[in-house]
Amino acid sequence: MILTVLQISCRRLLHNRVELLLTFLVPIAFFSIFAVIFGGGLGRGTTPKIKVVAVDEIQSAVSRHIMSALSEQESLRFVRENNASGLNRDQAMELVRSGSATMAIILRTDQEQLAAELMADASDQVAAQIVSAVVNRSIMLSEAEYQVAQLTDSEQDDNENQVAANETVDPNDESFGIEESLQRKVEIIDVMGEGKANPVVSMYASGIAVMFLLFGATGGGGALLEERENQTLDRLLSTQMSMDQLLLGKWFYMSCVGVLQVGVMFVWAQFVFNVDLLGHLDGFLMMTVVTALAASGFGLFLATLCKSRGQLNGLSVILILTMSALGGSMVPRYLMSDELQQYGLWTFNAWALDGYTKVFWRELPVEALAPQLAVLLVSGVVFLLAARVLAVRWETD
Amino acid sequence: MTYARPTPALAIHDLRKSYGDLQALKGVSFDLHKGERLAFLGPNGAGKTTLIRCLAGLTNADHGEIFLAGQPFKSLEARKQIGFVPQEIALYADLTTRQNLQAFGRFHGLRRRELRDRLAWALQWTGLEERADDLVGAFSGGMQRRVNLACGVMHGPRILLLDEPTVGVDPQSRQRIFKMLDELSVTGTSILLTTHHLDEAEERSDRIVILDQGKVVADGSIDELVEKSVGTQRLVRLRIDRPLSSPIRAGVSEGAASFGTPGENEIATRIDDVSNHLPDLIELVRRRGYGIADVQVEAPSLHHVFLHLTGYELRD
């Protein structure tokens, strides 16, 4: 008996290609995707670079040397030329707030000593530590090189050496001692999370929300396939209702459910985790509505692409988990290589999360959401149109 | 004095439809008159569902014409005049009877008072007034079939297309469903139904069309079909008390008819006039020394007509 149960189970598995695919290929696919993201497969040689801006408030030979050294660091990518266009502290901070740069490096004097302030966007929790280490190292190396150069010069010109020695007390000039430089202060200032009750939670909430919007939308698309399988679709199309009306009705319904789903989640987040939903209601609603519309369009597109609910389940699990992994719903995109971050822009998740980040984290005005709103809305409409085209076969088969 | 022939409620002329190399319909033509109950029969794969889909506007024919009350078939207008009831229970199982009827009434374009009136009629017609607010998913197969049927007639169509409306239900429910259809027919609704229950088709329809391999092979009342195909002779079976030793001959002449097969306990033959010829046959068998244990007389039925016209070969 047991052997027979074993035999028929194996035979049924072999006869069901979709199940077979899900059993063996999906784990391999997911393993590969995560291996690429975390193992550096595709992104090898393009380790994530931290976007920085730098402001030299000292303008001495040492500080210029440090700036030059920093600009040669492989782990940093300067989004503006150093001191370009007279960039000042406030402008640099604004670039961080707007998300154009992850960190701003400010070289300044502190109690007559050279110091660095790192204005950080704490949403990238790794960047602050890396930049801090890089800046510390650059300051020490630059000063050491400068000291060596000064000592060589002093042997050649005692007079000049005397002058230089006298000037070591002046932090605006270039003669700090080695011991002093070891005590340089590199201070990290969080310019984004200050005053926020639980800032990072909103980012995770939006990541989860987008993933479940996609799952919900494909579930809604599955209802369409169910209607087709039990001939309800035939019956509906024999009434005065057209396929256009049917798809639009389902699109709006799925979007409304999506908005409610995310809304309920954020209300919970407001009460339990102190996410400031009411303070960002306008941006939240805009992002949630367009994300839900886009996800619903995608769900309908997948449903009309598939022949059965079994196919839809298999395909949607693969696509949604892949998009969520690449788009930052599972792990922050700043941990990925530049190349993978670019791939991520082909997913809903990345655009939606960027939008939610602007709303809850950067607290930018709603005008700043224009790119995200436009991309999501256009994709939603494009997917809906594609679903309509694919559904033609159901009207005329 | 001459009478003009009434315009058929539905007229189909030379309808053809292919799926790739497969010709599902090879020039189908027939009419359906007002209030007529037409049984549309055929083996599996004969093209019945394709024709129903063409009539319901769910697929387009490659060639041919369909007329509704003399007017060319236009999909949107046709949908107002045609009701379609698919073979599957095409309902929302997680809605109540009332909600399903309301939904399909709205899809058929009914609003407010008209919808309210039709809803009340449909609940009474199906006998489900007491179960109006129960979920359809919890109903028996027969009750679901009745709701399924009602959803297709909420808009009061002139023509009702039913694809096997009684499949999988008990005799009592079948009886109830045909009673409902008879009520519609009396009010002038023309009914075209496909079924594999040949006895039902024979008893509950005014006319029968048999389709085979995409062509109409018979069209008429049951009596007409019998006469044109198997003939009106009755099949007589006599069970005798012991195996037949040799065929029984009706006379001594060379051309005299003979009955029965040696070794068998049964003699089967066809006769034209049961009242005159059956006593003669019984007497003939007795005279040969055989006792008669049982007599069966079978009138030709739709079953015989169907197999005669479509053959005994499996089609799927």
Can you give me the closest heavy-atom contact between [X] and [Y], atom names plus distance?
X         : Y         : value
Arg53(B)  : Trp394(A) : NH2-O, 4.4 Å
Phe84(B)  : Arg235(A) : O-NH2, 3.6 Å
Leu91(B)  : Thr232(A) : N-OG1, 3.9 Å
Gln231(A) : Glu88(B)  : OE1-N, 3.2 Å

Evaluate whether atom [atom1] of [X] has more than 12 neighbouring non-hydrogen atoms of other residues, nucleotides or ligands under 6.0 angstrom away.
X         : atom1 : answer
Arg158(B) : CZ    : no
Lys34(B)  : NZ    : no
Tyr92(B)  : OH    : yes

I need the single residue from Thr239(A), Leu246(A), Leu237(A) that forms a side chain to side chain contact (heavy atoms under 4.5 Å, CB included) with Phe107(B). Which is it?
Thr239(A)
From the list Leu58(B), Ile52(B), Asp163(B), side chain to side chain contact (heavy atoms under 4.5 Å, CB included) partner of Asp234(A) resolves to Leu58(B)
Tell me, for Leu161(B) versus chain A, whether the close heavy atoms (under 4.5 Å) come from the side chain, the backbone, both or neither.
neither
Selection from Arg106(B), Lys80(B), His108(B) maximising heavy-atom pairs under 4.5 Å formed with chain A
His108(B)
What residue in Ala103(B), Pro157(B), Pro86(B) has the most heavy-atom pairs under 4.5 Å with chain A?
Pro86(B)
Need one label for Glu227(A): side chain, backbone, both or neither, based on atoms under 4.5 Å from any heavy atom in chain B.
side chain
